[in-house]
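In the text below, chain A, chain B and the rest are named by the order of the sequence lines, each starting its count at 1.
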Amino acid sequence: MPSLSPSPTASRWKGFANERERFLAAYRWMILARIFEEKIAALYRAGKIVGGVYLGRGQEAFSVALGMQLDQAHGDLFAGLIRDQGGRMAFGETLMDSARTYLGSVEGPMRGRDGNIHRGRPTRGMPAMISHLGTMVAVVNGMLMAKRFHGRVDVVGGVTIGDGGTSTGAFHEGLNQAAVEKLPLVVAVADNQYAYSTPTCHQYACADLADRAAGYGVRGYSIDGTDLTACLETFHEAIERARRGEGPQLVVGKLLRLAGHGEHDDARYIPARKRQEPHGGDCVALAREKALKSAWASAKEIDEWHAQTQERVEEAVARAQSEPEPNPFRESWHALATKHLAEGTPPAQ
Amino acid sequence: MPSLSPSPTASRWKGFANERERFLAAYRWMILARIFEEKIAALYRAGKIVGGVYLGRGQEAFSVALGMQLDQAHGDLFAGLIRDQGGRMAFGETLMDSARTYLGSVEGPMRGRDGNIHRGRPTRGMPAMISHLGTMVAVVNGMLMAKRFHGRVDVVGGVTIGDGGTSTGAFHEGLNQAAVEKLPLVVAVADNQYAYSTPTCHQYACADLADRAAGYGVRGYSIDGTDLTACLETFHEAIERARRGEGPQLVVGKLLRLAGHGEHDDARYIPARKRQEPHGGDCVALAREKALKSAWASAKEIDEWHAQTQERVEEAVARAQSEPEPNPFRESWHALATKHLAEGTPPAQ
Amino acid sequence: MSITYLDAIREAQARALEEDPNVFIYGQDVADFGGAFKATKGLAERFPGRVIDAPISEDAIVGSAVGAAIEGMRPIVEMQFADFSAVAFNQIVNQSATHYWRTGVPCPITIRLPSGGTEGSGPFHSQSVESLYAHYPGLIVMTPATVEDAYGMLLEAIRIEDPVIFCEHKLLYYHLKADALPRSVLPVGKARIARVGRHASVVACSAMVHEALRAARVLADEGWEIEVVDLRTAKPIDTDTILASVARTGRLLAVAESFPWGGITAEVVSRVVTEGFHLLDAPPQRLNSKDTPVPYHPNLWRAHRPTWQSIAASVRHLLGL
Amino acid sequence: MSITYLDAIREAQARALEEDPNVFIYGQDVADFGGAFKATKGLAERFPGRVIDAPISEDAIVGSAVGAAIEGMRPIVEMQFADFSAVAFNQIVNQSATHYWRTGVPCPITIRLPSGGTEGSGPFHSQSVESLYAHYPGLIVMTPATVEDAYGMLLEAIRIEDPVIFCEHKLLYYHLKADALPRSVLPVGKARIARVGRHASVVACSAMVHEALRAARVLADEGWEIEVVDLRTAKPIDTDTILASVARTGRLLAVAESFPWGGITAEVVSRVVTEGFHLLDAPPQRLNSKDTPVPYHPNLWRAHRPTWQSIAASVRHLLGL
Ligand SMILES: Cc1ncc(C[n+]2csc(CCOP(=O)(O)OP(=O)(O)O)c2C)c(N)n1
Ligand SMILES: Cc1ncc(C[n+]2csc(CCOP(=O)(O)OP(=O)(O)O)c2C)c(N)n1
Ligand SMILES: [Mg+2]
Ligand SMILES: [Mg+2]
């Protein structure tokens, strides 16, 4: 995100002078994600978005804490899902990549072929998710196996999933595979209490999803996913352990989805009292409180960050909106890299 | 198995007067399974078997202890896999059903359409496995859900799996589903140290597969699967707990596959010393020792059981061999129960 | 009263639940929420305990439906999107489809698949998978194109003793309307002449029937009478009705929304030429989606799938125009 | 020296491992054990660390192969039986097949599927799944029928930048022999005239090529010259070569071992009639396995699949005899 200035950069812990710096860097990624998603939601209501809109509201701390502490330049990986706007950006996705996919620009990483939440840049450590939940764990495993084949054992792959996604066979196979291969994988489970409308009592019967860790022979952590400091510390530890060769780490963050499943969903099935219960808070508001209370930033500074961020977001959206849409007559309509073997073209001679 | 006499009958614990009775009943099922499978293996070597042969040698105690303590007449279910000759028979499969599938008789439960290890009588509590490992857990779940719909909450479903099978997504989804639905399911994991040639270090990274129980919110047990008494007691407890509504029970038995994966496999990849290590013993020999040492049966009595069993097995095999093979010209070649919708028949008018 | 295709699907389920205590519905978010598309709205309240939310475990959902069916139940499984049936593929084609043939015990399950492309849905929320399941022995594959068939065929699907793959088209959910629920529909396995014609036969199913009808209306203005055959079921295919239509018109265009290799259009064309070669006055034609995943952007999506425009163009070609 | 079809598969993998350090093999029991069919025997020892035993997790196996391919590796996945690819179906058709199209990053993986029926193997160790995968955009599907092609095409499969479904027929593993490994084979995507004839064309692939050749020999004794076309790849299909053959013979029989609805025979027949209708002197014919799961008992199995006898009978019918 080179155009956002002054801006935190994706970096490992060592890159930060002190706790304050790390906290504020993360907080500002959270602000960016929140403001960007609010803009996208407004555009959705105005009918300006191609496809659906799924927000990470309430999950920014948990997502950013992982994404920011991975090191893209070093070769780390981050495989985000639909609620990882924060983590994606903090890891290194550009604001334009995000904006372009939502707004249907052909310049986006998926060139209009696939949509906003599925976006990725696989060769830059950001695999492009498919919808089928759980399946990206194995993909990241394979990327890490490839790195190991190439002699790189000090890179870490981060992969995210929701409470609902843990019920998939793919998730199980992937986590078990990572454990058997002792891969440097950090799995972040955002237990946001719902999968679409389904509460966790219909999803799992254990006390805490972190209880699964022992069954795979991996280290488990269970934290308050709305507490940015806890998220930063836990992911820092998990990433460093994975990097040191201790194998997969399973981090479960308890939080609440502060939005509908998608913007088409009013989420009336979530009782209002949930927001008052533990883990029901807004991590962005909580981070702001903490920054103020610790005198790490003044209200005025924070307001300025908001204003600057808002401006950048508007700029990016405006630019994406001015870009061309995909043109079906320019499409190759071939699904193969080996062009001469695509049906409809003459066979090789 | 009405023709085997004197014969133990499938029964719940309450049906046995004392420990001795239960032990000997189980031991005799084990003898039957062992002798039957030895006969089948001999026939396989002689080229008389249709399809492959996979033996339960070394797993009879673990398998029988589950099958025998489930109550077929009461509506319980037993879903066995390839190493459950013992459990199948102890649950209520007839010797003729077993013999017929191996020998290709059209009178067998699968009528030549499907093979020996896939046999079942789904309407008698014995679902017919497909090869894809892990998939039968969900099938048994559904049968138990149906029973619950029909007001039967006091029936128990037993399902078996190997160490390798636990790595499948299907197994995970099934066990989690059972836990969420709190179904009266007993899952027996025969951890026989190998999946085909693959040792468990390539299959899982936890200390004990029973460590998975907590992650599903179910009760876990880890036992010596070669110790018949331990198997009987543990499955008894697990079955009673499931029947009382305590939800799924996960019983892991440590043992060693005392044969090749199939009879085509000489298993030279299993080091000989494994048989001397813990859980490496022959449960049938161990049960015999215990019966003698406890003075529950004399060597002469046991020899007589062997001789009688051998005779019954020979009879059953001879009978199955004399029965007709399937005739392709008598096959309907329709895969649908709704005959008039099968392709090739005229559509309904 | 006006009833949508989606209403019809909901009403058919309500009636089945009412008529048969063995019917139940199982799927993600189907209970209080009423399903991602609201196809089960209100049913959990009306039929307590019989509409059950499932974890995100499609393999186990279908596996357990098979188990329940073995024990006499008649489960209706709702997939959130047809595309997600890919993770239940094994339980569908290897467990449910083989069960009756292997054991003699029927497996009456109905799997409802919200199918087909819509704007902005992309590669994983747009697939048409009828050809996939029709390939496997032991399954019946329904592809209703009308409100009446959505209702009548779903009721039949639930009553049938075999596993039924019920492909409902998302594009028809809200916009397709009828005045009332039908009293009766054609028997399952019979195709329907959706429009009578004499110059060419267009065979289609599901949403493509409506594209074909629109193409036929356009061509009618040019003086061509196009017969449109609505397959209704992808398996079995009612070859007789298709042959009778081709006998009248001498020309065949098969249209489907699924991918071009194999699939319905290949099957229809092959049956017509192997059984009715002499009926044809011109080479039969096929029209499918393009051989790429379903694109996300509407500009691309509209060019990817067959439309009334491309159908009309194909028919003109077929007519030698 | 005599080299079997299975040897050829092993040698191709050995050569690929030797030539390209990015090649590795992943699957159940493939390392020290050498695979269920011994197709990787000795390779783990020769190429330490590059032949890896996997847990029983087909979905993760394919998913991780995709990940490795993204990072520049060239994974060869061995499924123990083609039938088990059903549990990896989603990762194959939705992850690997869409990857290049969606992201522009190629996904060069090869999935080896021991395929097809053998005596006593039954419904879950006998399937021919080429039609399934050929339906999906983004996959190349190879079905080698000869020792030479098993070798040459597998080498090509590993080199190709796209996911390749490599269907090797178990019935050919041990019995099909050649004198030496080929120096070169036809390019991928080209069909082969396996036998020249002029009275009818039989188009087949994999083991069915040999049944067709045997039928042709029998018919030759009766004075009929049957041309046999070996497709080699189920996708892409070399329509030109098929059309050229039909142009010579005027008659077409398409034969495949997979289930009858859809699939290769439908695709071949459809292409010929849409593109070469005027070449045909008689209605084209199809021959597939029957529309049930693959039976276990040899008596039933032999009646279920096409054989030289049933092919000869179909050709006689085609010739109007
Ligand atoms: C295999 C599969 N089944 C169904 C869906 C449809 N679906 C998309 S998101 C979602 C809910 C996911 O819940 P969770 O994993 O808790 O993530 P959250 O949305 O809460 O972040 C569902 C069911 C899917 N994407 N994949
Ligand atoms: C999904 C799937 N993949 C592969 C196979 C092939 N296969 C059959 S048995 C077996 C090994 C099973 O090992 P385990 O579960 O430990 O059972 P055991 O044979 O030791 O009793 C394998 C890999 C299968 N049946 N299903
Ligand atoms: Mg959630
Ligand atoms: Mg084992």
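- When heavy atoms are compared at a cutoff of 4.5 Å, B:L77 approaches chain C solely by way of its side chain, counted from C-beta outward.
- Interface summary for chain B: among C:E71, C:R102, C:E161, the most heavy-atom pairs under 4.5 angstrom belong to C:R102.
- Contacts of B:H172 with chain C are absent, with no heavy-atom separation under 4.5 Å from either backbone or side chain.
- In this structure, chain B has heavy atoms under 4.5 Å from both the backbone and the side chain of C:Q95.
- Judged purely by atom type and a 3.5 angstrom limit, B:S167 uses its side chain to pair as donor or acceptor with the backbone of B:Q203.
- Neither the backbone nor the side chain of C:R159 comes within contact range of chain B, judged by heavy atoms closer than 4.5 Å.
- At a 4.5 Å heavy-atom cutoff, B:R119 makes no contact with chain C through either its backbone or its side chain.
- In this pair, C:Y136 and C:F89 present their aromatic rings perpendicular. The plane angle is above 60°, beyond the 30 to 60° band.
- Among C:P55, C:G49, C:A68, the residue making the largest number of heavy-atom pairs under 4.5 Å with chain B is C:A68.
- Heavy atoms closer than 4.5 Å to chain B are found in the backbone of C:L139, but not in its side chain.
- The contact between B:P122 and chain C is made by backbone and side chain atoms together, counting heavy-atom distances below 4.5 Å.
- For B:M145, the part lying under 4.5 angstrom from a heavy atom of chain C is the side chain only.
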